[in-house]
Structure formats: C-alpha cells, structure tokens
Chemist: 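Have a look at this one.
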Amino acid sequence: MTIDILKSKIHRVTVTQARLDYIGSITIDRDLMDAAGIFPGERVYIVDNNNGERFDTYAIEGERGSGVICLNGAAARKVQVGDVVIIMAYAHVTPEEAAGFSPKVIFPDTATNRLVKI
C-alpha cells in the first residue's frame, strides 16, 4: 500500500500571466521549482486563494529569476492575473517512508515571486 503525501509546496505566489492560447500547464520560475523540488512535467495542484479554485496541471520551467507564474490553456480560465496561489506536488510513498518524511516548503516574496534570503 502507498499513500499520497505532500512532497513540495510553493506557498503564496502571485499569478503574473494567464495565457488561454497555450497547451495547458503552469509556467513557474525555475528558481522556485528548484527550491521546492518540483520537476518539469511533474503533476502539480493549484489552490487559488482569491476565488477558491482547486485544480491540477503539470509544471513547465520558466526563466530563472523572472518571478513568472503563468497559467496556460484551460487553467487560465480558473485564475486572474494578480491572484495569489499555492502550488503543491505530492508523492506516493509507503506508510513507513511517510513516517520520516518532511516536505520542501518555500515561502517566496508574494509581491515579486522571488526567493527571500533569510
């Protein structure tokens, strides 16, 4: 038996673009993807804090340091530019693996979508 557990989370970033005329996905600044451990093509779940939408798509890498968070294709209908979203990825693990697992959670600056130096 395996269970789904939170693997990665980008907490509270701002949607910078929504492009209906693109084959579906979410474009994420590669710096954020790397920091959270999200791979290109990986299934991600999006929660829109402004309108309550919850949906899934796959991640594609955006330009490093750009702060881009762009919903593409049909997903573009679920958000507005300026909405604040949470991006999550899950992993299938055994209960034994889950017992010692800690997800990668990052908290970028919501105004710029860039990593905050601590």
Side-chain angles (χ1 to χ4, degrees):
M1 174 178 75
T2 61
I3 60 172
D4 292 338
I5 190 166
L6 180 66
K7 176 186 82 75
S8 306
K9 179 177 173 183
I10 301 173
H11 189 75
R12 297 183 55 86
V13 286
T14 301
V15 174
T16 60
Q17 301 171 26
R19 295 179 34 208
L20 186 59
D21 64 339
Y22 188 88
I23 300 169
S25 62
I26 182 171
T27 304
I28 304 169
D29 179 322
R30 184 60 197 240
D31 286 342
L32 298 178
M33 290 177 67
D34 288 349
I38 295 173
F39 296 93
E42 184 172 0
R43 183 180 191 179
V44 292
Y45 298 85
I46 314 298
V47 177
D48 188 317
N49 287 352
N50 294 79
N51 65 21
E53 285 282 357
R54 300 174 75 88
F55 56 94
D56 65 322
T57 188
Y58 62 93
I60 61 174
E61 70 178 86
E63 183 181 342
R64 285 189 182 281
S66 65
V68 67
I69 301 293
C70 178
L71 278 298
N72 301 300
R77 295 234 187 247
K78 300 209 173 259
V79 301
Q80 297 289 320
V81 171
D83 284 0
V84 174
V85 298
I86 298 170
I87 304 166
M88 299 166 285
Y90 293 84
H92 304 294
V93 299
T94 65
E96 295 77 23
E97 291 169 318
F101 185 80
S102 295
K104 285 188 177 181
V105 179
I106 64 168
F107 300 88
D109 179 282
T110 304
T112 65
N113 293 341
R114 290 181 179 81
L115 295 172
V116 178
K117 305 280 187 203
I118 298 176

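Keep in mind that this is a model prediction, so the values were computed, not measured.
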Chemist: Hey, quick one: are Ile10 and Val85 part of the same hydrophobic cluster, counting side-chain heavy atoms closer than 4.5 Å, chains of contacts allowed?
Modeler: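 Linked within one cluster.
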Chemist: Do you know the tightest heavy-atom contact between Val13 and Pro108?
Modeler: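 Of all heavy-atom pairs spanning Val13 and Pro108, the closest is CG1-CG, 3.6 Å.
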Chemist: Report the distance from atom OH of Tyr58 to atom CZ of Arg43, rounding to the nearest 0.5 Å.
Modeler: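 These two atoms lie 13.5 Å from each other.
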Chemist: Looking only at non-hydrogen atoms, find the nearest pair between Gly65 and Arg114 and report the distance.
Modeler: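 Between these two residues, the closest heavy atoms are O-NE, 2.8 Å.
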Chemist: Could you walk me through whether Thr14 and Asp83 pass the side-chain hydrogen bond (donor to acceptor under 3.5 Å, both in side chains) test, one step at a time?
Modeler: CA-CA 6 Å; Thr14 301; Asp83 284 0; over 6 Å; no
Chemist: Do Arg19 and Cys70 have side chains that approach each other closer than 4.5 Å (heavy atoms only, starting at C-beta)?
Modeler: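 SC-SC contact between Arg19 and Cys70 confirmed.
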Chemist: Would the distance check show the side chain of Ser8 and the main-chain N or O of Ala36 forming a donor-acceptor pair, the cut-off being under 3.5 Å?
Modeler: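 Checking the backbone N and O of Ala36 against the side chain of Ser8, a donor-acceptor pair under 3.5 Å is found.
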Chemist: Is the shortest heavy-atom distance from the side chain of Val68 to the side chain of Glu63 under 4.5 Å?
Modeler: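 A side-chain contact under 4.5 Å is absent here.
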Chemist: What pair of heavy atoms forms the shortest contact from Ile28 to Ala59, and how long is it?
Modeler: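 Shortest heavy-atom separation between Ile28 and Ala59 comes out as CD1-CB, 4.1 Å.
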Chemist: Using 0.5 Å steps for rounding, measure from the CG atom of Asp56 to the CD1 atom of Ile87.
Modeler: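 Asp56 CG to Ile87 CD1: 13.0 Å, rounded to 0.5 Å.
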Chemist: Which atoms form the tightest heavy-atom contact between Asn49 and Arg12, and what is the distance?
Modeler: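 What the structure gives for the nearest pair is ND2-NH1, 3.0 Å.
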Chemist: Rounded at 0.5 Å granularity, tell me how far CG in Asn72 sits from CG in Asp21.
Modeler: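 Spacing of CG (Asn72) from CG (Asp21) equals 8.5 Å.
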Chemist: If you take all heavy atoms of His92 and Thr2, which pair is closest and at what distance?
Modeler: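 Taking every non-hydrogen atom into account, CB-OG1, 4.2 Å.
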Chemist: Starting from the C-alpha separation in whole Å, work towards a yes-or-no answer on side-chain contact (heavy atoms from CB on, under 4.5 Å) for Met88 and Leu6.
Modeler: CA-CA 7 Å; Met88 299 166 285; Leu6 180 66; 3.8 Å; yes
Chemist: Any idea which heavy atoms bring Gln80 and Val15 closest together, and the distance?
Modeler: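 Smallest interatomic distance, heavy atoms only, reads O-CB, 3.8 Å.
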Chemist: So do the side chains of Ile46 and Ile86 get within less than 4.5 Å of each other, counting heavy atoms only?
Modeler: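 They are not in side-chain contact.
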Chemist: Roughly how far, to the nearest 0.5 Å, is CZ of Arg30 from CD1 of Ile38?
Modeler: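 Rounded to the nearest 0.5 Å, the CD1-CZ separation comes out at 10.5 Å.
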Chemist: Output, in order, the C-alpha distance, side-chain angles, deciding distance and verdict of side-chain contact (heavy atoms from CB on, under 4.5 Å) for Thr16 and Asn113.
Modeler: CA-CA 9 Å; Thr16 60; Asn113 293 341; 3.6 Å; yes
Chemist: How many angstroms lie between CD1 in Ile26 and CD in Glu61, if you round to the nearest 0.5 Å?
Modeler: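 Those atoms lie 14.0 Å apart.
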Chemist: Is the number of heavy atoms from other residues, nucleotides or ligands within 6.0 Å of CZ (Phe101) greater than 12?
Modeler: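 Counting neighbours around CZ of Phe101, more than 12 heavy atoms of other residues, nucleotides or ligands fall under 6.0 Å, so yes.
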Chemist: Is there a continuous path of hydrophobic side-chain contacts, each under 4.5 Å between heavy atoms, that joins Val44 to Ile60?
Modeler: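 No, separate clusters.
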Chemist: Should the pair Arg64-Asp34 be classified as a salt bridge under the 4.0 Å nitrogen-to-oxygen rule?
Modeler: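 Salt bridge flag = yes for Asp34 with Arg64.
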Chemist: Is any side-chain heavy atom of Leu32 less than 4.5 Å from a side-chain heavy atom of Ile69?
Modeler: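 They are in contact (side-chain heavy atoms under 4.5 Å apart), so the answer is yes.
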Chemist: Under the salt bridge (charged side-chain N to carboxylate O under 4.0 Å, His left out) rule, what do Glu42 and Lys7 come out as? Steps first, then yes or no, please.
Modeler: CA-CA 11 Å; Glu42 184 172 0; Lys7 176 186 82 75; 3.2 Å; yes
Chemist: Does Tyr45 have its ring centroid less than 6.0 Å away from the ring centroid of Phe55?
Modeler: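 Ring centroids of Tyr45 and Phe55 are no less than 6.0 Å from each other.
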Chemist: Distance check, rounded to the nearest 0.5 Å: Leu71 atom CG versus Leu20 atom CG?
Modeler: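 CG of Leu20 is found 11.0 Å from CG of Leu71.
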Chemist: Is there a side-chain contact between Glu53 and Val79 (heavy atoms, below 4.5 Å)?
Modeler: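 No, their side chains stay 4.5 Å or more apart.
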